Amino acid sequence: MSLPRQLRDESDFEQLPEDVAVSAHIADIEERSGFSVYYTFVIEVKTRGGTKYFIYRRYSQFFTLHTKLEDSYGPENGMAPYIYTFPPLPSKIYVGNKKEIAESRITLLSAYMKALLNSPTWILLDEDLRLFFHQTADDSVRIPRALRRLRPHTRKIKKNSQHISDMERPRAEAVFDFKGNADQELSFKSGDLIYLLSRVNKNWLEGSTADRIGIFPQSFVRIIKDLPVEKFPVSCLRCYFHDYDVCAIRDIPLEEDVKKRPSYSELLELMRNQFPDVDLALNMKDSHGDLIRLVDNSDMELLVTKGKRKSHLENFFPWELHITRSDDLDVYRNVE
């Protein structure tokens with residue numbers, strides 16, 4: 001018996017809260033658009049109480065969690081008896097195709113999560129670990145765009161949701177009989193009413209009839225009220241393009257938290273995509289109204305802390321970016 005398994009068996013595992021994550025694996029990756037194109041891992045989590053749900057995490061979030069756990073309990077920093085040797089996290093990769101890198105990490109990160117959730121119970125109760133595997137409000141409204149394989153049902157029917165009117169719930173009517181070929185598939189007869197829970201992919205839905213729940217092909221039903229359109233939190237970055245004697249304002253929508261500080265390379269890549277025909281330079285405006293050119297990562301903190309606007313709209317980044325042509329040096333002499 002492995003040491004982690006032995007430590008868990010000797011602990012009071014059955015007394016853990018039912019919402020504690022006990023297993024997780026990566027079902028897919030999704031391309032996202034932020035300061036640069038990146039990929040999130042679609043993770044199916046199972047709790048001790050048997051509930052299943054999806055969460056969406058970036059590699060950077062895995063890295064942050066691992067660092068916090070090592071700082072709290074690792075052999076170099078932990079305090080006896082709360083010292084633990086964690087499984088190794090797949091290392092950062094700085095060069096290569098982003099999609100291929102994400103694909104290559106699926107198996108490694110799934111193995112990492114399996115080992116991590118096989119840790120002693122006092123690790124499973126760590127606040128940072130629980131927050132990582134917790135399904136946030138954003139996670140709950142996102143619908144996986146395409147899963148690598150059809151998964152078993154991902155939630156239980158909530159008995160306390162009866163206050164929602166049946167007329168308000170997404171639903172469909174079966175137009176053909178459907179007999180599921182697997183446990184996770186929902187069988188029904190023509191005329192049955194099916195309440196919709198999620199869209200698995202473009203051809204399959206997840207729904208419930210009475211106390212049963214499962215997945216089924218959309219072609220077998222007629223949609224009465226469809227699921228809400230997938231929405232992602234979008235923030236806006238306001239930038240000013242100083243094109244010699246003209247200044248244009250552009251608000252760029254990003255799927256990023258307004259609190260995030262981008263790296264210089266991420267910001268430069270984003271602006272090159274926005275202004276593809278311009279040899280550009282990144283700048284900020286100081287308190288005197290003068291432009292200061294940004295040249296590397298050390299300037300990002302200056303941009304975020306000193307480039308803040310006195311007031312800004314909700315969901316806008318609190319700092320502004322000024323774009324100039326790299327050979328236009330006149331903008332540094334007199335900016336109104």
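When a residue number appears, it is its place in the shown sequence, counting from 1. Computed over heavy atoms, backbone and side chain alike; hydrogens, waters and symmetry mates excluded. Owing to the predicted nature of the structure, the values given are computational and were not obtained by experimental measurement.
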Classify the angle between the aromatic ring planes of [X] and [Y] as parallel (below 30°), tilted (30 to 60°) or perpendicular (above 60°).
{"X": "F275", "Y": "F241", "result": "tilted"}
{"X": "Y73", "Y": "F86", "result": "tilted"}
{"X": "Y59", "Y": "F63", "result": "tilted"}

State yes or no: are the ring centers of [X] and [Y] separated by less than 6.0 Å?
{"X": "W204", "Y": "F216", "value": "no"}
{"X": "F178", "Y": "F220", "value": "yes"}
{"X": "F54", "Y": "F41", "value": "no"}

Evaluate the side chain to side chain contact (heavy atoms under 4.5 Å, CB included) criterion for residues L303 and I292: first the C-alpha distance (whole Å), next the side-chain angles of each, then the deciding distance (0.1 Å), finally the verdict. CA-CA 9 Å; L303 170 67; I292 301 175; over 6 Å; no

To the nearest 0.5 angstrom, please state how far the [atom1] atom of [X] sits from the [atom2] atom of [Y].
{"X": "H242", "Y": "C247", "atom1": "NE2", "atom2": "SG", "result": "4.0 Å"}
{"X": "L129", "Y": "S72", "atom1": "CG", "atom2": "OG", "result": "11.0 Å"}
{"X": "W122", "Y": "L16", "atom1": "CH2", "atom2": "CG", "result": "13.5 Å"}
{"X": "E206", "Y": "L196", "atom1": "CD", "atom2": "CG", "result": "10.0 Å"}
{"X": "H322", "Y": "M271", "atom1": "NE2", "atom2": "CE", "result": "11.5 Å"}
{"X": "L302", "Y": "D286", "atom1": "CG", "atom2": "CG", "result": "9.0 Å"}

Determine whether [X] and [Y] fall in the same hydrophobic cluster, where Ile, Leu, Val, Met, Phe, Trp and Tyr are linked whenever their side-chain heavy atoms lie under 4.5 Å apart.
{"X": "I223", "Y": "V175", "value": "yes"}
{"X": "Y112", "Y": "L108", "value": "no"}
{"X": "F176", "Y": "I215", "value": "yes"}
{"X": "L69", "Y": "L131", "value": "no"}

Any side-chain heavy atom of [X] within less than 4.5 Å of one from [Y]?
{"X": "P75", "Y": "T85", "result": "yes"}
{"X": "T64", "Y": "D128", "result": "no"}
{"X": "I194", "Y": "E173", "result": "no"}
{"X": "P120", "Y": "I123", "result": "yes"}
{"X": "N297", "Y": "D299", "result": "no"}
{"X": "L205", "Y": "L227", "result": "yes"}
{"X": "N118", "Y": "V22", "result": "no"}
{"X": "L270", "Y": "L237", "result": "yes"}

Does NZ or CZ of R32 lie under 6.0 Å from the centre of the six-membered ring of Y39, at an angle within 45° of the ring axis?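 Cation-pi check for R32 and Y39: fails.
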
Inspect the contact between [Y] and [X] and indicate whether a charged nitrogen and a carboxylate oxygen are less than 4.0 angstrom apart.
{"X": "E256", "Y": "R58", "value": "yes"}
{"X": "D139", "Y": "R57", "value": "yes"}
{"X": "R48", "Y": "D19", "value": "no"}

Evaluate the criterion side chain to side chain contact (heavy atoms under 4.5 Å, CB included) for residue pair L282 and L321; output intermediate values, then yes/no. CA-CA 7 Å; L282 307 183; L321 188 66; 4.3 Å; yes

Indicate the atoms forming the closest heavy-atom contact of [X] with [Y], along with that distance.
{"X": "L186", "Y": "G207", "result": "CD2-O, 3.6 Å"}
{"X": "S190", "Y": "D177", "result": "N-OD1, 2.6 Å"}
{"X": "S119", "Y": "L124", "result": "O-CG, 4.1 Å"}
{"X": "I106", "Y": "I26", "result": "O-CD1, 3.8 Å"}
{"X": "I43", "Y": "A24", "result": "CG2-CB, 3.9 Å"}
{"X": "L116", "Y": "P87", "result": "N-CG, 4.0 Å"}

If only atom types and distance count, is the side chain of [X] paired as donor or acceptor with the main-chain N or O of [Y] below 3.5 Å?
{"X": "E269", "Y": "E266", "answer": "no"}
{"X": "S187", "Y": "G180", "answer": "yes"}
{"X": "T51", "Y": "T47", "answer": "no"}

Kindly determine whether L89 and L109 satisfy side chain to side chain contact (heavy atoms under 4.5 Å, CB included), including the steps that lead there. CA-CA 7 Å; L89 178 72; L109 287 176; 3.9 Å; yes

Would you sort out whether Y240 and E320 count as a side chain to side chain donor-acceptor pair (under 3.5 Å), showing the intermediate values? CA-CA 8 Å; Y240 297 82; E320 295 174 333; 3.1 Å; yes

Begin with the C-alpha distance, continue with both residues' side-chain angles, and end with the deciding distance and a verdict on side chain to side chain donor-acceptor pair (under 3.5 Å) for D279 and S326. CA-CA 6 Å; D279 183 12; S326 60; 2.9 Å; yes

With a cut-off of 6.0 Å (strictly less than), are more than 12 heavy atoms of other residues, nucleotides or ligands near [atom1] of [X]?
{"X": "K98", "atom1": "NZ", "value": "yes"}
{"X": "R130", "atom1": "CZ", "value": "yes"}
{"X": "K260", "atom1": "NZ", "value": "yes"}

Can you pull the salt bridge (charged side-chain N to carboxylate O under 4.0 Å, His left out) pairs that have at least one residue in residues 240-254, sequence neighbours excluded?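 Sorted pair list: R238-D251, D243-R325.
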
Kindly determine whether F316 and S235 satisfy side chain to side chain contact (heavy atoms under 4.5 Å, CB included), including the steps that lead there. CA-CA 6 Å; F316 272 72; S235 305; over 6 Å; no

Side-chain H-bond candidate by donor/acceptor type, N283 with Y332, under 3.5 Å: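 Checked: N283/Y332 side chains pair up, N/O donor to acceptor below 3.5 Å.
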
Judged by modelled atom types alone, do D138 and T136 share a side-chain donor-acceptor pair under 3.5 Å?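 Result is no, nothing qualifies.
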
From CA spacing to verdict: ring-ring contact (aromatic ring centres under 6.0 Å, His included), F35, F317: CA-CA 12 Å; F35 288 108; F317 285 85; 5.3 Å; yes

